[in-house]
There are 2 protein chains.
Amino acid sequence: MRMTSQRKKILDVLNQAKIPLTCDDIYLQIEDDKLNLSTVYRSLERFYVDKHVYKTIINQKQYYYIGHHHHFLVCLGCEKMIPVGCHIEGKEKAIGEPYGFQVTHHDMTLYGYCNLCQTH
Amino acid sequence: MRMTSQRKKILDVLNQAKIPLTCDDIYLQIEDDKLNLSTVYRSLERFYVDKHVYKTIINQKQYYYIGHHHHFLVCLGCEKMIPVGCHIEGKEKAIGEPYGFQVTHHDMTLYGYCNLCQTH
DNA sequence: CTGCCTGCAAATAGTTTGCAAGTTA
DNA sequence: TAACTTGCAAACTATTTGCAGGCAG
């Protein structure tokens, strides 16, 4: 894979992120008139296929990318995202076993209300 | 909520399903020239908001609806879906607690290869 | 008979793709 | 220089919406 200047910038943004970002988030953070949104889409998908980043889906609408395997608490009030550890890491295999199914990865998101939004 | 003939048919299909279905799956199964796809979309979303059905997202593309809370093993080879029980039911609360976060629900999908597709 | 629900058609939003030109190794 | 990558514009797909007429309660 060629490490172009565009891909460097995209990886930079992603590696500094604590929470997952959409392609558009990353595109906007880079603010380079000469960077195209479709390049961001293509690069992130490439990174994902090559297993350099993780992908998850939040609020059932958009792809989010992040450098590390985490799950997230997503607030339905303010959309804040809080990273949490993975509670089924290591159990994946056992879940598939009764079916002869070989689990390779999983995606989970938890929804609810953060401390500030619970008064709703 | 008004129980129209369209909604009855949609619920019927969903209640007989063992695996989650997309709006289009349901629309095609009903095969009524006078039923519109957007009615299926609107009805299922309504059922979901009123907590009569569950919604999940699979292969990061489409909404799937199902009558009961289950997770699924999704085969990356043949797209087969196998329902499995929920392994974090009851732990939800504990996961959010350290952050003062009140978890209301979660969505998880496991990916991998079924017994027939493992020779890939 | 009134307000919720539907069909229809058009709009949206996120993502993907074809192609010619630019860049990396 | 050859293969990979990009920018641009157009295409695609799943989903949503406005509106006028229809139907359940």
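By convention in this document, chain letters (A, B, ...) are assigned in the order of the sequence lines, proteins followed by strands, and residues within each chain are numbered from 1.
Side chain of B:S38, nearest nucleotide from C:dT24, C:dA9, D:dA14: C:dA9. Residue B:R42 has its side chain nearest to D:dC19 when only D:dC19, D:dC8, C:dT16 are considered. Between C:dT17, D:dT5, D:dC23, one nucleotide has an atom nearer to the side chain of A:M1 than all others, and that is D:dT5. Here the side chain of B:Y41 is nearest to one of D:dG7, D:dT15, C:dT6, namely D:dT15.
Contact detail for B:V40 and B:I10: the closest heavy-atom pair is CA-CD1, 3.8 Å.
With hydrogens and angles left out, the side chain of B:R2 and the base of C:dC5 share no donor-acceptor pair within 3.5 Å.
A donor-acceptor pair under 3.5 Å is absent between the side-chain atoms of A:T39 and the main chain of A:L35, judged by distance alone.
Under the rule for a side-chain contact (heavy atoms from CB on, under 4.5 Å), the partners of B:D24 that lie at least two apart in sequence or sit in another chain are B:T22, B:Y27, B:L28, B:L37.
Contacts of residues 3-20 of chain A with DNA chain D (heavy atom under 4.0 Å): A:T4, A:Q6, A:R7.
The shortest distance between the side-chain N/O atoms of B:K34 and the OP1/OP2 oxygens of D:dG22 is not below 4.0 Å. Between B:R46 and the phosphate of C:dC5, there is a side-chain N or O to OP1/OP2 separation shorter than 4.0 Å. Here B:N36 does not reach the OP1 or OP2 of C:dT6: none of its side-chain N or O atoms lies under 4.0 Å away.
Each end of the helix from C:dC1-D:dG25 to C:dA25-D:dT1 gets its own axis, taken as the rotation carrying the C1' atoms of four end pairs onto the next four within a five-pair window, and the two axes meet at 40° to the nearest 10 degrees.
Using cut-offs of 30° and 60° for the angle between ring planes, the B:H106 and B:H69 rings count as perpendicular.
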